[in-house]
Amino acid sequence: MNLKELSRTLRIPINRYFAFRRLRQYHSLPRSIEETVDWAMNFGRYGYFTITTLQKREEILALARAVAELRPRIILEIGTARGGTLLIWSSLASDKVISCDLVHRQPQKVLLESLPPPGSRCQVRLLTGNSHDPAFKQRVAGELNGEMVDFLFIDGDHTEEGVTADYQDYREFVRPAGMIAFHDIVERQPFATNQVHHLWRKIKQTGVVEEYISDPNQCGFGIGVIRV
Ligand SMILES: C[S@@+](CC[C@H](N)C(=O)[O-])C[C@H]1O[C@@H](n2cnc3c(N)ncnc32)[C@H](O)[C@@H]1O
């Protein structure tokens, strides 16, 4: 364990206390979609209990509005990270959000599972593992138990091979007229391994798509949406 991890570990009880206090604040009022997005971006930093998202506000807001129009029951997300987009999905799905990541979300699991607003019957299910592993896909199928997903958010492995595999493996779970969104679709990217744009270019050639891009010249970000 390095020094940073040790310090975070020692501060777990304090950070947990302040993060749950912040969660109660978030839950204290009904939140509009705009407010929910702002909470996802500015929930706060509490060591392991930090919730945040690396998204552009207007892009993720446009996506959240489109997802809300679906009146989703079930949302599947590849890429939990710091739980920011999970916070948004958990305010929109009526039944379940399944959020997947390579990294095990302990000890913040209990905070992330508590994200749905008061009165919601939405359950948050956090699955740990590699989305490309066939056994992991089986676990997702088990969570769905024959039900279809209204919205799939692909924001995990950003290599061309990885994002293509996620698209091919998980789109079968999306119901007809449901939606699939990809993050980081713009061509200019800060890292060579961000290759979503290669897949996105191919998808764009095959049919009607929607794009939420704040600035055509931006480096990184950008959300692409297809309807199933
Ligand atoms: C960009 S972050 C997700 C951000 C999050 N959706 C948000 O905006 O709040 C990408 C996450 O995907 C996870 N990831 C990368 N490759 C993965 C894989 N093959 N299977 C599952 N998760 C993966 C990483 O561990 C990382 O936490």
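Start at 1 and go down the list; that is how both ligands and their atoms are numbered.
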Identity and distance of the protein heavy atom lying nearest [atom]:
{"atom": "atom 16 (N) of ligand 1", "answer": "Asp157 N, 3.3 Å"}
{"atom": "atom 8 (O) of ligand 1", "answer": "Thr53 OG1, 2.7 Å"}
{"atom": "atom 11 (C) of ligand 1", "answer": "Asp101 OD2, 3.5 Å"}

Sub-3.5 Å N/O-N/O distance, [X] and ligand 1:
{"X": "Val103", "answer": "no"}
{"X": "Ser131", "answer": "yes"}
{"X": "Leu102", "answer": "yes"}

Close-contact set for ligand 1 against [X] heavy atoms, below 4.0 Å:
{"X": "Gly84", "answer": "9 (O)"}
{"X": "His132", "answer": "19 (N)"}
{"X": "Asn130", "answer": "18 (C), 19 (N), 20 (N)"}
{"X": "Ala81", "answer": "2 (S), 3 (C), 4 (C), 27 (O)"}

Contact between Gly129 and ligand 1, counting heavy atoms under 4.0 Å?
yes

From Ile78, Leu87, Asp155, Val163 - option closest to atom 4 (C) of ligand 1 by heavy atom:
Asp155

Interatomic distance, [X] atom [atom1] to [Y] atom [atom2] [nearest 0.5 angstrom]:
{"X": "Leu76", "Y": "Ile154", "atom1": "CG", "atom2": "CD1", "result": "8.5 Å"}
{"X": "Glu172", "Y": "Leu152", "atom1": "CD", "atom2": "CG", "result": "11.0 Å"}
{"X": "His183", "Y": "Ile60", "atom1": "NE2", "atom2": "CD1", "result": "6.5 Å"}
{"X": "Ile226", "Y": "Met179", "atom1": "CD1", "atom2": "CE", "result": "10.0 Å"}

Does ligand 1 have a heavy atom under 4.0 Å from the side chain of Gln55, from its backbone, from both, or from neither?
side chain

Give the contacting part of Thr80 toward ligand 1: side chain, backbone, both or neither, where contact means a heavy-atom distance below 4.0 Å.
backbone

Could you tell me if Arg171 sits above the aromatic ring of Tyr167, with its cationic atom closer than 6.0 Å to the ring centre and no more than 45 degrees from the axis?
yes

Kindly indicate whether the side chain of Ile185, heavy atoms from C-beta on, has any atom under 4.5 Å from the side chain of Glu211.
yes

Beyond-backbone contact of Gln218 with Lys56, side-chain heavy atoms, under 4.5 angstrom
yes

Side-chain heavy atoms under 4.5 angstrom apart, residues restricted to Ile, Leu, Val, Met, Phe, Trp, Tyr: same cluster for Val163 and Leu63?
no

How far apart are the closest heavy atoms of Ile12 and Phe49, and which atoms are they?
O-CE1, 3.7 Å

